S.K.: 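Below is a structure I'd like to ask you about.
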Amino acid sequence: MILISACLAGLNVRYNGTNCIDDRVQKLVLEKKAITVCPELMGGFSTPREPAEIVGGNGDDVLDGKATVIERSGRETQVVLKENSPSCGSAAIYNGEFNGTKIVGEGVTTALLRRNNIVVLSEEDI
Ligand code: SF4
């Protein structure tokens with residue numbers, strides 16, 4: 001299976017609601033030889049959204065905490081995720097013993113977003 005940028009397959013997922021269709025790529029998807037993914041939508045963004053660029057380095061640097069992704073207006077991205085979830089928790093998660101006890105910690109999605117310098121809040125913070 002091939003994983004392909006969704007905008008290349010003709011899906012209108014770019015920041016401005018357009019796509020970058022490539023007929024060869026779209027053919028692979030239509031033939032079910034490839035599936036589409038848009039990392040920015042998976043990361044919690046919606047379409048349309050502000051254009052964003054990496055400031056201070058490249059993707060490796062962002063992962064290492066040395067650079068950041070900034071929207072054109074200068075705003076850093078904030079994400080609000082459900083507290084206590086093993087995916088989305090940002091201040092607390094359950095302790096893994098299935099007895100309703102919470103511990104200080106963050107879920108997997110939150111950890112990934114924070115590694116990418118994205119501020120994660122919970123519904124309790126807004
Ligand atoms: Fe296309 Fe989404 Fe990748 Fe941007 S993040 S290039 S819109 S697939």
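Indexing begins at 1, ligand by ligand and atom by atom, following the structure's order. All of these numbers come straight from a predicted model, not from anything done at the bench. Note: hydrogens, waters and symmetry copies are ignored here, and every other heavy atom, side chains too, is used.
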S.K.: Show which atoms of ligand 1 fall inside a sub-4.0 Å distance from at least one heavy-atom site of Arg14.
M.R.: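 Taking each heavy atom of Arg14 in turn, ligand 1 has 7 (S) under 4.0 Å.
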S.K.: Quick one: CD on Glu40 to OG1 on Thr47, what's the gap to the nearest 0.5 Å?
M.R.: 8.5 Å
S.K.: Check contact between Leu8 and ligand 1, using heavy atoms of the residue and a distance below 4.0 angstrom.
M.R.: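 Leu8: no contact with ligand 1 (<4.0 Å).
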S.K.: Is atom CD of Glu31 surrounded by more than 12 heavy atoms (other residues, nucleotides or ligands) closer than 6.0 Å?
M.R.: yes
S.K.: To the nearest 0.1 Å, how far is atom 5 (S) of ligand 1 from its closest protein heavy atom, and which atom is that?
M.R.: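 Scanning the protein heavy atoms, the shortest distance from atom 5 (S) of ligand 1 goes to Glu40 CG, 3.4 Å.
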S.K.: Please examine the side chains of Lys82 and Ser87, heavy atoms only from C-beta on, and report whether any two atoms are closer than 4.5 Å.
M.R.: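 The answer is no; the side chains never approach within 4.5 Å.
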S.K.: Is there a side-chain contact between Ile35 and Met1, using heavy atoms and a 4.5 Å cut-off?
M.R.: yes
S.K.: Taking 4.0 angstrom as the limit and counting only heavy atoms of Val37, give me the atoms of ligand 1 inside it, by number and element.
M.R.: 8 (S)
S.K.: For atom 3 (Fe) of ligand 1, grab the closest protein heavy atom and report residue, atom and distance to one decimal in Å.
M.R.: Pro39 CD, 3.8 Å
S.K.: Does Cys7 bring an N, O or S atom to under 2.8 Å of atom 1 (Fe) of ligand 1?
M.R.: yes
S.K.: Under 4.0 Å from any heavy atom of Ala6, which atoms of ligand 1 are there?
M.R.: 8 (S)
S.K.: Checking side-chain contact (heavy atoms from CB on, under 4.5 Å) between Ile93 and each of Thr110, Val104, Asn84, Ile103, which is the one that passes?
M.R.: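 In the set Thr110, Val104, Asn84, Ile103, the residue that makes a side-chain contact (heavy atoms from CB on, under 4.5 Å) with Ile93 is Ile103.
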S.K.: What are the atoms of ligand 1, with element, lying closer than 4.0 Å to any heavy atom of Arg49?
M.R.: 7 (S)
S.K.: Nearest protein heavy atom to atom 2 (Fe) of ligand 1, by residue and atom, and its distance?
M.R.: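 Ranked first by proximity to atom 2 (Fe) of ligand 1 is Cys38 SG, 2.3 Å.
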S.K.: If the cut-off is 4.0 Å to any non-hydrogen atom of Val13, which atoms of ligand 1 fall inside it?
M.R.: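 Matching atoms, with element in brackets: 7 (S).
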S.K.: Can you spot which of Cys20, Cys38, Pro48, Pro51 makes a side-chain contact (heavy atoms from CB on, under 4.5 Å) with Arg14?
M.R.: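 The option that passes is Cys20.
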S.K.: Using the side-chain contact (heavy atoms from CB on, under 4.5 Å) rule, pick out the option among Asp60, Ile70, Val69 that qualifies with Ile54.
M.R.: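 Output: one option passes, namely Val69.
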